[in-house]
Protein chains: 2
Amino acid sequence: MVKNENTSTENVKNLLVEKGVKPSFQRISVLKYLLRENNHPSVDTIYKNLVPYIPTLSRTTVYNTLKLLSEKEVISTLTINDTDLRYDFINEPHDHFQCKTCNAIFDVKVGVDISGLKSIDGHQIQEIQLHMKGVCRQCLKEKN
Amino acid sequence: MVKNENTSTENVKNLLVEKGVKPSFQRISVLKYLLRENNHPSVDTIYKNLVPYIPTLSRTTVYNTLKLLSEKEVISTLTINDTDLRYDFINEPHDHFQCKTCNAIFDVKVGVDISGLKSIDGHQIQEIQLHMKGVCRQCLKEKN
DNA sequence: TCTAAATTTGTAACTATTACAGATTTATAG
DNA sequence: CTATAAATCTGTAATAGTTACAAATTTAGA
């Protein structure tokens with residue numbers, strides 16, 4: 001449903017440079033993984049998937065990179081999962097659904113769009129996250 | 001904005017019994033704290049506020065109680081904060097705003113009400129949380 | 001090529017949470 | 001009013017995610 005980015009090294013490098021991030025090999029790798037998998041991964045998932053290809057990679061680098069990309073508003077930090085943080089590339093506004101059975105997180109879009117809301121009760125809004133939890137389509141099917 | 005519950009011991013005890021929870025002194029104390037403060041506290045906040053009055057209280061008991069109350073749908077677990085879980089009494093549907101400056105969490109209500117949404121993309125919805133982050137009214141004022 | 005700055009790495013420390021077994025309290029039966 | 005079983009509470013140890021930090025490496029600039 002959410003369109004795929006071009007995940008070529010060249011394009012990922014450009015994305016970083018546009019946002020003012022120096023495109024090191026590690027940073028390109030992390031962002032490329034996020035774009036390609038589009039799977040709301042944890043730090044651990046990213047690390048374990050990249051380390052076979054970058055044997056010297058450190059977990060700390062993954063943490064540092066995600067923190068930097070988050071500050072530069074290239075990615076957003078999802079607090080939907082209760083044990084670890086998840087990360088998502090910022091493109092068109094969308095919401096998230098997490099399955100309580102298999103823990104997978106899905107991109108969804110509810111009809112109403114409140115992404116334009118700038119303040120509420122005098123508080124200035126900078127980020128909005130709409131989280132839903134329940135049982136996903138696949139797990140519902142398997143229960144029968 | 002969200003109305004206060006009656007926080008008398010009698011009423012809190014009844015709330016627990018109605019939900020099928022045996023009303024021990026510790027459980028009454030924890031739920032009473034949640035109702036009275038209405039402040040989306042962490043386990044640590046609850047523990048530190050209660051232990052002066054219940055010197056034998058254990059952190060584990062606070063964890064156990066919150067888990068139980070959550071399973072019995074007396075309270076909900078908020079994943080809005082990125083370092084620890086927060087807890088909230090379940091009453092009328094409302095949303096949450098967290099200030100990135102002072103970290104306080106406020107109850108808010110956006111115009112649209114999607115609390116009746118039961119499924120999306122074939123996934124069965126059981127819980128919905130709408131989180132907003134930014135700078136709260138007080139912190140905005142103090143910046144001038 | 002030399003030097004300074006930025007980035008990456010690995011370890012140690014820290015914090016939230018869970019596991020678990022023993023102690024205490026509460027409920028039940030005689 | 002006991003004796004016994006069940007439920008609850010407690011404290012410690014273990015686990016997991018994250019951060020702090022200094023040393024090593026890489027990159028950029030003179």
Side-chain angles (χ1 to χ4, degrees), chain A residues 9 12-13 16-17 19-33 40-72 74-88 98 103 105, chain B residues 12-13 16-17 19-33 40-72 74-87 98 103 105:
Chain A
T9 300
V12 174
K13 194 183 283 192
L16 289 171
V17 173
K19 296 286 189 169
V21 177
K22 203 177 289 185
S24 72
F25 180 63
Q26 287 85 340
R27 289 167 181 175
I28 292 171
S29 303
V30 168
L31 182 53
K32 196 187 273 197
Y33 179 84
H40 322 95
S42 65
V43 164
D44 207 57
T45 300
I46 297 172
Y47 173 77
K48 286 193 170 128
N49 277 279
L50 293 183
V51 77
Y53 304 101
I54 316 170
T56 61
L57 184 66
S58 164
R59 247 177 250 274
T60 301
T61 299
V62 180
Y63 276 103
N64 289 343
T65 299
L66 292 168
K67 192 181 178 199
L68 179 65
L69 294 184
S70 193
E71 284 164 3
K72 298 293 187 174
V74 180
I75 65 174
S76 62
T77 303
L78 303 185
T79 53
I80 191 171
N81 196 42
D82 56 1
T83 55
D84 51 23
L85 294 173
R86 301 307 185 86
Y87 298 90
D88 200 18
Q98 181 174 41
N103 282 314
I105 296 172
Chain B
V12 174
K13 194 184 283 192
L16 289 171
V17 173
K19 296 286 188 169
V21 177
K22 203 177 289 182
S24 72
F25 181 64
Q26 287 86 342
R27 289 168 180 174
I28 292 171
S29 302
V30 168
L31 182 53
K32 196 187 271 197
Y33 178 85
H40 322 95
S42 64
V43 164
D44 207 56
T45 299
I46 297 171
Y47 174 77
K48 287 193 171 128
N49 277 279
L50 293 184
V51 78
Y53 304 102
I54 315 170
T56 60
L57 185 65
S58 164
R59 262 191 181 78
T60 301
T61 299
V62 180
Y63 276 103
N64 289 343
T65 299
L66 293 168
K67 191 181 179 201
L68 179 65
L69 295 183
S70 194
E71 284 164 3
K72 300 291 188 174
V74 180
I75 65 174
S76 62
T77 303
L78 303 184
T79 53
I80 190 172
N81 197 42
D82 55 3
T83 54
D84 52 23
L85 294 173
R86 301 307 185 87
Y87 298 90
Q98 181 173 43
N103 281 316
I105 296 173

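In what follows, chains are A, B, ... by sequence order, proteins preceding strands, each numbered from 1.
- Residues satisfying the side chain to side chain contact (heavy atoms under 4.5 Å, CB included) test with A/Thr83, not counting sequence neighbours, are A/Asn81.
- The side chain of B/Thr61 lies closest to D/dC9 when the candidates are D/dC9, C/dT8, C/dA16.
- Among the atoms of the strands shown, none is found under 4.0 Å from any heavy atom of A/Ser42.
- Projected onto DNA chain D by closest heavy-atom contact, A/Lys67 and B/Thr65 fall at different nucleotides, the more 5' of which corresponds to B/Thr65.
- Taking the C1' atoms of five terminal pairs at each end of the helix from C/dT1-D/dA30 to C/dG30-D/dC1, the two resulting helix axes are inclined by 20°, rounded to 10°.
- The two residues B/Val12 and B/Ile28 have their closest heavy-atom pair at CG1-O, 3.7 Å.
- Taking each heavy atom of B/Thr77 and B/Ser70 in turn, the nearest pair found is OG1-OG, 3.2 Å.
- In this structure, the separation between OH on B/Tyr87 and CG on B/Leu31 is 14.0 Å, given to the nearest 0.5 Å.
- What separates CG of A/Asp84 from P of C/dT15 is a distance of 20 Å, to the nearest Å.
- In this structure, B/Pro23 and B/Val17 approach most closely via the heavy-atom pair CG-CG2, 3.9 Å.
- Here B/Lys13 pairs with nothing under the side-chain hydrogen bond (donor to acceptor under 3.5 Å, both in side chains) rule; sequence neighbours left out.
- Taking atom CG of residue B/Asn81 and atom P of nucleotide D/dG17, one finds them 18 Å apart after rounding to whole Å.
- For the pair B/Phe25 CZ and C/dA27 C1', the interatomic distance rounds to 20 Å; values are reported in whole Å.
- Taking only side-chain atoms of A/Ser58, from C-beta outward, the nucleotide of C/dT8, C/dT9, D/dC9 with the closest atom is C/dT9.
- Judged purely by atom type and a 3.5 angstrom limit, B/Gln98 uses its side chain to pair as donor or acceptor with the backbone of B/Asn103.
- Partners of A/Arg27 under the side-chain hydrogen bond (donor to acceptor under 3.5 Å, both in side chains) rule, at least two apart in sequence or in another chain, do not exist in this structure.
- Residues satisfying the side chain to side chain contact (heavy atoms under 4.5 Å, CB included) test with A/Val51, not counting sequence neighbours, are A/Tyr47, A/Leu57.
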Hey, what are the protein-to-nucleotides 26-30 of chain D N/O distances that come in under 3.5 Å?
none

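- Residues from residues 43-52 of chain A with heavy atoms under 4.0 angstrom of DNA chain D: there are none.
- Following rounding to the nearest Å, B/Gln26 (CD) and C/dT25 (P) show an atom-to-atom distance of 10 Å.
- In this structure, B/Arg27 reaches the sugar-phosphate backbone alone: every heavy-atom distance under 4.0 Å involves primed, P, OP1 or OP2 atoms, never a base.
- The distance between atom CZ of B/Arg59 and atom P of C/dA16, rounded to the nearest whole Å, is 8 Å.
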Please enumerate all protein N or O atoms sitting under 3.5 Å from an N or O of nucleotides 20-23 of chain C, with distances to 0.1 Å.
none

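- Of the candidate nucleotides C/dT8, C/dA16, D/dG17, C/dA16 has the atom lying nearest to any side-chain atom of B/Tyr63.
- Sorted by first then second residue, the side chain to side chain donor-acceptor pair (under 3.5 Å) pairs that include residues 53-62 of chain B, not counting sequence neighbours, are B/Asp44-B/Arg59.
- Listed here is the closest heavy atom pair of B/Ile54 and B/Ser29: CD1-OG, 3.5 Å.
- Taking the side-chain hydrogen bond (donor to acceptor under 3.5 Å, both in side chains) definition, one finds that B/Lys72 meets it with nothing, sequence neighbours left out.
- Dashed line: the shortest gap from a side-chain N or O of B/Ser24 to OP1 or OP2 of D/dC9 is under 4.0 Å.
- Taking a cutoff of 4.0 Å between a charged side-chain nitrogen and a carboxylate oxygen, B/Asp84 and B/Arg86 qualify as a salt bridge.
- Partners of B/Ser42 by side-chain hydrogen bond (donor to acceptor under 3.5 Å, both in side chains), not counting sequence neighbours, listed by chain and number: B/Thr45.
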